[in-house]
Student: 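Structure incoming, see below.
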Amino acid sequence: MTRRAMLIGILAVILISITTPYSDLVMQGTWIGLTALPISAVFLLAILVFANEPLRRLGHGLTQAELLIIFCMTLVSAGIPSFGFTGLLIPYMAGPLYFATPENQYHSAIIQHLPAWMLAPSVQAARELYQGLPPGAAIPWLGWLLPLTLWVVLAGAIYLVFFCLCALLHRPWADEEKLTFPLIQLPIEMTRYDGDDSPLPPLLRNPSFWGGFMVPFSIYALNGLNRYYPSVPSINIQLIDLDQYMTGRYAAAVSPLYFRILFSIIGLAYLLPSDVSFGLLFSYLFFLAQQLIITRLGYFSPPFVQAYPVRQFVGQQMIGGILAFGAYLIWKANRSILLEMRKNRTEACSGKKSYKIRQNGCEISSKNPAANERTPMATYKSVSGIVIGLIIIVIWGKYAGAGILNTLIMFLLFFVLQIVATRLVAQAGMLYIQHPYRPIGLMLDSVGTAGIGVDHLPSLTMLDHLWMLDNRSPLMPGVIHGLKAAQAGGIKQRPMTGAMVTAIVLAIPISLASYLFLVYTRGGLRLNPWFMTYYTNNLYAPWTVQLVTQGQTPHPLAYFYMMIGALTMLLLVYLRNVFVWWPVNPVGYLIGASWPIINFWFSILLGWLIKSLTLHYGGARTYRRLLPIALGLILGEFFAAGFWVIVDLCTGMIGHVIFSF
């Protein structure tokens, strides 16, 4: 790792941390910090690679390792200013204070149960945040310092657990199970030079790549021009709503149902093993069939999960499958972790070097040079980090009013869900994962509001909504993909980990300052309501009031559906492990009929069909020849989005969504 790579990476992180809140709040267009492969990170990497071309001709260009370090710094930091942390935290802190009225009971049901430091500094601070500062008034930076610092402590503990989990899981997934990590393939190939004197990577000199690139770029060029000049024709590929053509109870059973043509998803589906993409499609149709059958039998009208267009019994089956698969992943990883610890002990006992820590008569520590190459941190440090992170989270939850046991249970479940979500991203190339049936739902179905405690609910539901409700800017997949990129680029794991930690440490305070500056100077009510109003005043606060004032009884039937989901998942895992010909990969069941697959299913179908037909009629050689086209589709869509964001920034265009997820 070089100083110039770190310097450029730091500058890129600062740029993203400042511009992402502006893009989200003011421009209200394409969300550039969204997903496990953010548009901002990919776009900046493309700019760097092209800018690197003349430098490499002069002999001073960046190497693949340097480019990947810069990319991974932006990868893990791009979501923090958006859905990953800052974009939702400040509205959750200020919204209940600003929107509280005697009629909506926000004060009695929420505010009086929360410690003052969990919210905005005062009602006046919240009012000025939403309405804008009066002339001559200053932003109350000092008042925000303590509450934001305490929230950052919680974020730091959660991120610590994420890093430690990735350190434990990366080697088993990458080296033993040989997962494909589809999302990182484009950045790796974009930075893979075939010699020191090569100005551009071979991928960018491939005509097939540019043919794939031009398909989405040309369509989005037309659609972008149409936004400025309505006489220019546009092509609707974003939302072809099928609900409008269907009526009756069967139509309602499968709603929402629509086509979206997302070229990046088509390209990623082409990269996936066929059983994985087929598993995603099969599971989606399997759950739709269940909804139709239940409707046909007339047993009940299946209600939706809170905040999601997903039926409760579907979400409950998914969470059962997720917990079963999560336990399976932890069991498999545990064997690998124990082997790694024994290997470290053996190498330490070989007398290669002096070590500081002794265990069972042998010295083991992070200074073992072989372990230093294999893992981001020593195994015992990873385990210790998880324990320390959980202790901090539980203490934080206790003083936040969530309760020790409630906090521990909710976050243990949350981390299991994050392990599964990261596995889905690493194996199935999903840009993001949303679990509609969340830990708070499982807890409510188990013991109800009375068992949790009314006083604990406002804090628990705020933690749930901030970290678990809309996880479209996930950090943990970014970390594990960064470790995979280090492996592919010949970068030592620990320097790469240090670079990613540096990026996160910078992104949090800079994005918070940028966000506060924008909302105070412009007024939150004049900015994007999706961030400033919807989550806090439409989801968190009303639902919390309902739970506190009306209560919710335990729902034992939910465990019946969870058991079905768990048994189905274990059966799928068994069939996959025993029968090589089994065509359905179990990971598809984990995403079920959730929001990502509702958006992606048609594009996954197209990618799977293209790959299947290519392999059938052209064989493996033709498939490999077409791989650059698939990568071109991904970059073309992401680069078009970044291009139009810059155009809109220069022209002042508001509300121009190139495409959405």
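From a predicted model like this one, the values you see are computed outputs, not experimental measurements. Below, all heavy atoms of this structure are taken into account, side chains as well, without hydrogens, waters or symmetry copies.
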Student: Using only heavy-atom distances, determine whether the side chains of Q317 and Q290 contain a donor-acceptor pair under 3.5 Å.
Tutor: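 Yes, a side-chain donor-acceptor pair sits under 3.5 Å.
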Student: Is the number of heavy atoms from other residues, nucleotides or ligands under 6.0 Å of R205 CZ greater than 12?
Tutor: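 More than 12 within 6.0 Å, yes.
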Student: Examine W608 together with Y270 and report whether their ring centres are nearer than 6.0 Å.
Tutor: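 Not under 6.0 Å, so no.
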Student: If only side-chain N and O atoms count, and only distance matters, is there a donor-acceptor pair under 3.5 Å linking Q434 with D470?
Tutor: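 Checked: D470/Q434 side chains pair up, N/O donor to acceptor below 3.5 Å.
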Student: Have a look at F71 and tell me which of I184, V49, L48 forms a side chain to side chain contact (heavy atoms under 4.5 Å, CB included) with it.
Tutor: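 So the option named by the test is I184.
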Student: For atom OH of Y574, is the number of surrounding heavy atoms from other residues, nucleotides or ligands below 6.0 Å larger than 12?
Tutor: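 No - once you tally the heavy atoms of other residues, nucleotides and ligands closer than 6.0 Å, there are 12 at most.
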Student: Could you tell me if the side chain of L257 sits less than 4.5 Å from the side chain of S255, heavy atoms only?
Tutor: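 With C-beta onward as the side chain, the pair stays apart.
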Student: Is the gap between the ring centers of W644 and Y220 under 6.0 Å?
Tutor: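 Distance test on ring centres: not under 6.0 Å, no.
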Student: Write down the atom of M318, the atom of S594, and the distance for their closest heavy-atom approach.
Tutor: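 Smallest heavy-atom distance, with atoms named: CE-CB, 3.8 Å.
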Student: Answer yes if the side chains of Y432 and S473 hold a donor-acceptor pair under 3.5 Å, and no otherwise.
Tutor: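 S473 and Y432 do not have a side-chain donor-acceptor pair below 3.5 Å.
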Student: Kindly give the heavy-atom pair with the smallest separation between M73 and A499, and that separation in Å.
Tutor: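 Smallest heavy-atom distance, with atoms named: CG-O, 3.6 Å.
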Student: Establish, yes or no, whether a centroid distance under 6.0 Å links the rings of Y589 and F287.
Tutor: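 Yes; F287 has its ring centre under 6.0 Å from that of Y589.
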Student: Quick one: are V501 and V76 in side-chain contact, heavy atoms under 4.5 Å?
Tutor: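 No; the side chains remain at least 4.5 Å from each other.
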Student: Give the minimum heavy-atom separation between T35 and P474, together with the two atoms involved.
Tutor: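 Minimum heavy-atom contact is C-CD, 3.9 Å.
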Student: Can you find a heavy atom in the side chain of M476 that is under 4.5 Å from one in the side chain of I419?
Tutor: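 A side-chain contact exists here, since the closest heavy-atom pair is under 4.5 Å.
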Student: If we only count heavy atoms from C-beta on, is the N599 to Y258 side-chain gap below 4.5 Å?
Tutor: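 Sidechains of Y258 and N599: in contact.
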Student: Does a side-chain N-to-carboxylate-O contact under 4.0 Å join R576 and D275?
Tutor: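 Salt bridge present between R576 and D275.
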Student: Before accepting this row, confirm whether a basic side-chain N of the pair E177/K332 lies closer than 4.0 Å to the acidic partner's carboxylate O.
Tutor: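 Looking at K332 together with E177, the answer is yes, because their closest N to O distance falls below 4.0 Å.
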Student: When you compare the side chain of Q493 with that of L483, does any pair of heavy atoms fall below 4.5 Å?
Tutor: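 Yes, side chains in contact.
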Student: Looking only at side chains, do Q487 and D175 share a donor and an acceptor under 3.5 Å apart?
Tutor: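 Yes, because at least one side-chain N or O of Q487 sits under 3.5 Å from a partner of the opposite role on D175.
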Student: Flag the pair F643 / F43 as yes when their ring centroid distance falls below 6.0 Å, and as no otherwise.
Tutor: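 Distance test on ring centres: not under 6.0 Å, no.
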Student: Quick one: closest heavy-atom pair of R625 and P628, and the distance?
Tutor: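 Answer, listing the atom of R625 first, then P628: O-CD, 3.3 Å.
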Student: Using side chain to side chain donor-acceptor pair (under 3.5 Å) as the criterion, list what pairs up with R56, not counting sequence neighbours.
Tutor: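 Checked R56 against side chain to side chain donor-acceptor pair (under 3.5 Å); zero matches.
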Student: For a quick test of reading the model, state the closest non-hydrogen atom pair linking L262 to S603 and the distance between them.
Tutor: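 Scanning both residues, the minimum pair turns out to be N-OG, 2.8 Å.
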Student: For the residue pair A507 and S77, what are the closest heavy atoms and their distance?
Tutor: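 Looks like CB-CB, 3.7 Å.
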Student: For W31 and R472: C-alpha separation, side-chain torsions, deciding distance, then whether side chain to side chain contact (heavy atoms under 4.5 Å, CB included) applies.
Tutor: CA-CA 10 Å; W31 289 333; R472 280 184 281 181; 3.7 Å; yes
Student: Just so I know, are the side chains of F162 and I480 near enough to count as touching, which here means a heavy-atom distance under 4.5 Å?
Tutor: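 F162 vs I480: side chains apart.
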Student: Mind checking whether N226 and I235 have side chains closer than 4.5 Å, heavy atoms only?
Tutor: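 Sidechains of I235 and N226: no contact.
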Student: Applying the side chain to side chain contact (heavy atoms under 4.5 Å, CB included) test to I70, which of L62, L45, L7 qualifies?
Tutor: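 Running side chain to side chain contact (heavy atoms under 4.5 Å, CB included) over L62, L45, L7 with I70 returns exactly one hit, L62.
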Student: So, do W530 and Q28 sit near enough that their side-chain heavy atoms are less than 4.5 Å apart?
Tutor: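 Sidechains of Q28 and W530: no contact.
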Student: Are W601 and F259 near enough that their ring centres are under 6.0 Å apart?
Tutor: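 So the answer is yes for these two rings.
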